[in-house]
Structure formats: structure tokens, C-alpha cells
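Computed from a predicted structure; not experimentally measured.
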Amino acid sequence: MDELENLVGKDISEIDADIVEAFKSININVAVLEYKYKNCGKRYPSDSFKIASIDFSNPLPFDELIDFNKLFIFWHFNGIITDMELFDIRPDRDSLRNDYDFIIDMIENDEAHNLRYGDTKFLAAKRLDDVILVNNRKANRRDFVFKVSYLQKMLNEIKLY
């Protein structure tokens, strides 16, 4: 644990691949997430967290997409690690599953082009700039992501001392 604690105050480039692999070996995914500050001083995540690209013709099954129970987060501001957090996603698994099912239903019903970021609670199909044909309709490529609002929930759980 000392090795991890020593990373606080260091650049994110110092996160060793061995640390990431060690977490993955015990069913914990790792995220390096940036936050920014609002004018009032409150911290907020700067972007969503990509889990996987969506293959409209063969989307990953839910249990392969969310094949972890916890997310270890290195929070950073301007590239400097300020906080670390172990977030348990198991209490939110049903909501994540509902979001996933909604996205997959839209894809299977040839409505991939109508997917909206705001349609779901925690897991989203984030629109990318690339346009592809899906069942002879133009649609933007998408990534499965944890939404910024879900990441805000995680960031809010960090105890500031």
C-alpha cells in the first residue's frame, strides 16, 4: 500500500503498468481520471470514463463489459495525482444492467442512430465523431462509458482532510 500512497503528488505517468495488472488480477479495474474545479471550488470530473467501444453488429455481453466489481481510481488535477479511491460498483450493478439493456435494445431495434447520452443513468453510449452505416442508416460510432454524473458520485465519496 505504501507504493500506492507514494504516488500522491506525483505525475500520472508514474503509474506503473504492474500496478494496473495487479488490480486486474483481483477483479478490480483501474481508471486515471482528471477533475477540474468550478468557480465555487467544487471538484467535478472532466470527462466520462471509456469502458469499451461498441460494435453494433456484435456488442459485448454485459458480463464481459462490466467484468469487474470495483474501480480503483487515480484522481488527478493537471496531471498530478491528488487522490486515490476504491469504488465498489456492485450496489449500482442493477442500474448499470438496465442502462446496458436499454442501449442494446436500441441497437437491436435498428435505432442506434437515436441513442442519446441522457437516455441512461450511469452507463452511456457516448457519441464519437466517426459516422458509419448501421443497417443502411448513418450512425455515429459509440463507446460504452461511465457517465460524468456517475463519476461525480464517485468523486463525492472521497473524504477530504
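A heavy-atom distance below 4.5 Å is not found between the side chains of Val8 and Thr82. The closest side-chain heavy-atom distance from Ile107 to Leu115 is below 4.5 Å. Contact annotation: the side chain of Ile66 approaches that of Ile51 to within less than 4.5 Å [non-hydrogen atoms, C-beta and beyond]. Looking at heavy atoms from C-beta onward, Leu96 lies in side-chain contact with Phe62 at the 4.5 angstrom threshold. Side-chain contact check for Val32 versus Ile73: every heavy-atom pair is 4.5 Å or farther apart. In this structure, Ile12 and Phe74 have side chains that are not in contact, with every pair of non-hydrogen atoms separated by 4.5 Å or more. Using a 4.5 Å cut-off on side-chain heavy atoms (C-beta onward), Tyr150 and Ser95 make no contact. Residues Lys147 and Ser48 have side chains not in contact (no heavy-atom distance under 4.5 Å, counting atoms from C-beta outward).
Checking side-chain atoms of Asp119 against main-chain N and O of Arg116 turns up a donor-acceptor pair under 3.5 Å. Using a distance-only test at 3.5 Å, with no hydrogens or angles considered, a donor-acceptor pair links the side chain of Asp99 to the main chain of Phe122. No donor-acceptor pair closer than 3.5 Å links the side chain of Ser53 to the backbone N or O of Asp143. Using modelled atom types, no side-chain atom of Lys138 and backbone atom of His113 make a donor-acceptor pair closer than 3.5 Å. The main-chain N or O of Ser13 is found under 3.5 Å from a side-chain atom of Asp11 such that the two form a donor-acceptor pair.
Scored by the salt bridge (Lys or Arg N to Asp or Glu O under 4.0 Å) test, Lys70 finds no partners at all (sequence neighbours excluded). Judged as a side-chain contact (heavy atoms from CB on, under 4.5 Å), and not counting sequence neighbours, the contacts of Asn140 are Arg127, Val131, Arg142.
Linking ILVMFWY residues whenever their side-chain heavy atoms come closer than 4.5 Å, directly or via other members, leaves Ile103 and Val148 in distinct clusters. No continuous path of ILVMFWY side-chain contacts below 4.5 Å connects Val145 to Leu33, so the two sit in separate hydrophobic clusters. At a threshold of 4.5 Å between side-chain heavy atoms, the hydrophobic network of Ile, Leu, Val, Met, Phe, Trp and Tyr places Ile80 and Val30 in two separate groups.
Under the side-chain contact (heavy atoms from CB on, under 4.5 Å) rule, Arg141 has a single partner from Leu128, Ile54, Val134, Asp129, which is Leu128.
Taking a 6.0 Å sphere around CZ of Arg137, one finds it holds 12 or fewer heavy atoms contributed by other residues, nucleotides or ligands. Counting non-hydrogen atoms of neighbouring residues, nucleotides and ligands closer than 6.0 angstrom, the CG atom of Asp105 exceeds 12 such neighbours. Few gaps surround CZ on Arg97; more than 12 heavy atoms of other groups in view lie less than 6.0 Å from it.
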> Given Leu4 and Met84, is the side-chain contact (heavy atoms from CB on, under 4.5 Å) satisfied, shown in steps?
Replying inline: CA-CA 8 Å; Leu4 288 174; Met84 291 177 283; 4.0 Å; yes

> Can Ile81 and Trp75 be said to form a side-chain contact (heavy atoms from CB on, under 4.5 Å), step by step?
Replying inline: CA-CA 6 Å; Ile81 300 166; Trp75 288 103; over 6 Å; no

> Would Leu65 and Leu123 count as a side-chain contact (heavy atoms from CB on, under 4.5 Å) if you check the C-alpha gap in whole Å, the side-chain angles of each, and the deciding distance to 0.1 Å?
Replying inline: CA-CA 11 Å; Leu65 178 68; Leu123 182 70; 4.1 Å; yes

>> Applying side-chain contact (heavy atoms from CB on, under 4.5 Å) to Val20 and Ile15, what does each step give before you reach the verdict?
In response: CA-CA 8 Å; Val20 174; Ile15 299 170; 4.3 Å; yes

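Asp92 and Lys153 are joined by a salt bridge, as a carboxylate oxygen and a charged side-chain nitrogen come within less than 4.0 angstrom of each other. Look at Asp83 and Arg43 and you find a salt bridge, because one of the NZ, NE, NH1 or NH2 atoms lies within 4.0 Å of a carboxylate O, short of that distance. One finds no salt bridge joining Lys36 and Asp47 here, because no Lys/Arg side-chain nitrogen approaches an Asp/Glu carboxylate oxygen to under 4.0 Å.
In plain terms, the two heavy atoms of Ala124 and Thr120 that are nearest each other are CA-OG1, 3.7 Å. Considering every non-hydrogen atom in both Leu60 and Glu64, the closest pair reads CD2-OE1, 3.6 Å. Considering all non-hydrogen atoms of both residues, Ala139 and Ala112 come closest at CB-C, 4.5 Å.
Here Ile26 contributes atom CD1 and Glu21 contributes atom CD; the two are 12.0 Å apart, rounded to the nearest 0.5 Å. Rounding to the nearest 0.5 Å places CZ of Phe68 at 10.0 Å from NZ of Lys24. To the nearest 0.5 Å, atoms CG (Asp16) and CG (Leu7) are separated by 9.0 Å. How far CG of Asp67 is from CG of Asn29: 7.0 Å, rounded to the nearest 0.5 Å.
Listed by first and then second residue, the ring pair (Phe, Tyr, Trp, His ring centres under 6.0 Å) pairs involving residues 7-53 are Phe23-Phe72, Tyr35-Tyr37, Tyr35-Phe77, Tyr37-Phe77 (not counting sequence neighbours).
In summary, the side chains of Glu3 and Asn6 do not present any donor paired with an acceptor at a separation below 3.5 Å, with no hydrogens or angles considered.
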